[in-house]
Amino acid sequence: NRIVVLAGGVGGSRFVRGVRRACPEAQLDVVVNTADDITLHGLRVCPDLDTMMYALGGGIDDEKGWGRAAETWSIMDELKAYAVEPTWFALGDRDIATHLVRTQLIAAGATPTEITAALCHRWLDDERLRLLPMTDDRVETHVVVEDPQTASGRRAMHFQEFWVRHHAAPKVRQVLQVGIETATATAEVLTAIERADLVLVGPSNPVVSIGPVLATGGVRPALRATGAKVVGVSGILGGAPVLGMADKLLPAIGVAVDAGAVGLHYGARTSTAEGILDAWLVHETDTAAAERCTAAGLPTRAVPLLMTTPDHTAEFVRAGVALAAETA
Ligand code: GDP
Ligand code: FO1
Ligand code: CA
């Protein structure tokens, strides 16, 4: 039995740990967002892939949810002593080894898919677990924010600069996926979706994690064509994201910060439009959202969605599997 999960970083990796707990025997292919990627100090950094890899490999800093456990910061301190910018993005000593390997492999001509497999060789000894970058093409999320200091009143910056440097404080006018128009999903991603028995859209950020995956060339048609059931999980609980800045980004793409609005944004696969979901899970308290989605043709169930432990997560993954089986 084959499961494909679409995911971002911190939320996505917590979700995948629960999926592994619920379905320990399944072939699990995780399609990971790469639009958060950024080049700093000459190093290519892939936050969502690394977060997923460290989390599943037991090397994550569990408290932060990203970066290496027992990290040290000597290199950052040295860069600060040289007054070399950017200093707002913290690269740990252990983490930097990952970026050194990746950057060298890029220079040697390897694709992100090949590089991810090479890095995962160290971390994942489970042959039935693969991390797949959504594309081998370069895509980067940038945001246009309000900035009264500029002549136009606006300014564009990389998503990481908005989130990490400015703590998501400026008002977002526009979210751009630079490079998405020409980016295509890898053969590995398209084949995994085609052959899947179940596709799970994780509770990851709908705008900057799931959004880029769905916008990558070939992904949406593959999801609409697959024989697998496609089940989504809301990351918006009670009108707010559990963590992160989805509440700052959803309004910029015209979607309310509400589990029902996000479900209908992904859309029902049965509809004539571009929908991708057969079923949708919302939090136990979001019963109005569940009714609204179900009435609109998207079968939705309200269950506890807090990923407190992998066991809690596994519990609602099983509810999603059951709901998928019920839908015609
Ligand atoms: P990032 O790439 O590190 O930002 O992580 P993701 O995009 O994969 O996940 C972030 C999203 O996960 C947030 O927008 C939250 O809404 C969602 N999230 C975080 N914790 C939980 C949780 O316990 N339950 C659910 N359902 N969603 C969560
Ligand atoms: N998040 C921060 O808030 N501050 C950082 O300095 C930071 C560094 C960092 C380095 C490597 C990495 O893989 C992730 C890192 N993150 C950091 C997390 C990351 O920026 C975000 O949580 C996600 O990309 C948001 O989707
Ligand atoms: Ca991310």
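In each ligand, atom 1 is the first atom listed, and ligand 1 is the first ligand listed.
Vertex the Ca ion (ligand 3); arms to D48 OD2 and D36 OD2; angle rounded to 10 degrees, 100°.
Distance alone, capped at 3.5 Å, places no donor-acceptor pair between the R154 side chain and the E146 backbone. Looking only at distances, no side-chain donor or acceptor of H312 sits under 3.5 Å from a matching main-chain atom of G18.
Residue contact check: G8 has heavy atoms under 4.0 Å from atoms 2 (O), 8 (O) of ligand 1. Interface atoms of ligand 1 facing D48, defined by a heavy-atom separation under 4.0 Å, are 2 (O). Atoms of ligand 2 lying under 4.0 Å from any heavy atom of V164, numbered from 1 in the order shown and given with element: 1 (N), 2 (C), 3 (O), 4 (N), 5 (C), 6 (O), 20 (O). Close contacts between ligand 2 and Q160 involve ligand atoms 19 (C), 20 (O), 24 (O) [criterion: under 4.0 Å to a heavy atom]. The ligand atoms of ligand 2 that sit less than 4.0 angstrom from a heavy atom of A90 are 5 (C), 6 (O), 8 (C), 9 (C), 10 (C). The D36 neighbourhood of ligand 2 comprises atoms 23 (C), 24 (O), 25 (C), 26 (O), with distances under 4.0 Å to a heavy atom of that residue. Within the listing of ligand 2, atoms 21 (C), 22 (O), 25 (C) sit less than 4.0 angstrom from a heavy atom of W163.
Using bins of under 30°, 30° to 60° and over 60° for the plane-to-plane angle, the ring pair Y54/W123 lands in the perpendicular bin.
At a 4.0 Å heavy-atom cut-off, ligand 2 touches F89 through backbone and side chain alike. Contacts with ligand 2 closer than 4.0 Å are made by no heavy atom of N205, backbone or side chain.
Between V233 and ligand 1, a contact under 3.5 Å exists for no N or O pair. Between I236 and ligand 1, no pair of N/O atoms sits closer than 3.5 Å. At least one N or O atom of V10, backbone or side chain, sits closer than 3.5 Å to an N or O atom of ligand 1. Annotation: N205 places an N or O atom under 3.5 Å from an N or O atom of ligand 1; distance criterion only. Some N or O of G12 is nearer than 3.5 Å to an N or O of ligand 1, by distance alone.
What sits closest to atom 5 (C) of ligand 2 on the protein, heavy atoms only, is W66 CH2, 3.4 Å. Looking only at protein heavy atoms, the nearest one to atom 2 (O) of ligand 1 is G9 N, 2.8 Å. G235 O, 2.4 Å is the protein heavy atom nearest to atom 16 (O) of ligand 1. Protein heavy atom closest to atom 7 (O) of ligand 1, with residue, atom name and distance, is S209 OG, 2.6 Å. Looking at atom 13 (O) of ligand 2, its nearest protein heavy atom turns out to be P47 CA, 3.3 Å. What sits closest to atom 12 (O) of ligand 1 on the protein, heavy atoms only, is P203 O, 3.3 Å. Protein heavy atom in closest approach to atom 25 (C) of ligand 1: L305 O, 3.4 Å. Closest protein heavy atom to atom 13 (C) of ligand 1: L243 O, 3.2 Å. Protein heavy atom closest to atom 8 (O) of ligand 1, with residue, atom name and distance, is S204 OG, 2.6 Å. The protein heavy-atom contact nearest to atom 23 (O) of ligand 1 is M307 N, 2.8 Å.
One distance of note links CG of L132 with CG of L49; it measures 9.5 Å at 0.5 Å rounding. Rounding to the nearest 0.5 angstrom, the gap separating the OG1 atom in T72 from the CG atom in D93 is 3.5 Å. Taking CG of L124 as the start and CE of M52 as the end, the distance is 10.5 Å to the nearest 0.5 Å. The CG atom of D278 sits 7.5 Å away from the OG1 atom of T270 when rounded to the nearest 0.5 Å.
By the 4.5 Å heavy-atom criterion applied to side chains, R155 and T150 are counted as neighbours. Contact check for V30 versus V4: no side-chain heavy atoms found under the 4.5 Å cut-off.
At least one heavy atom of L237 sits under 4.0 Å from some atom of ligand 1.
The heavy atom nearest to atom 26 (N) of ligand 1, considering only G202, P206, S234, P241, is found in S234. Evaluated by nearest non-hydrogen atom to atom 20 (N) of ligand 1, the leading choice among V242, V282, V208, V257 is V242.
In plain terms, the two heavy atoms of S209 and D48 that are nearest each other are OG-OD2, 3.9 Å.
Distance remark: protein heavy atom not present below 4.0 angstrom from atom 4 (O) of ligand 1.
A salt bridge links D29 with R130: at least one charged nitrogen is closer than 4.0 Å to a carboxylate oxygen.
Within a 6.0 Å radius of CD in E315, no more than 12 heavy atoms belonging to other residues, nucleotides or ligands are found.
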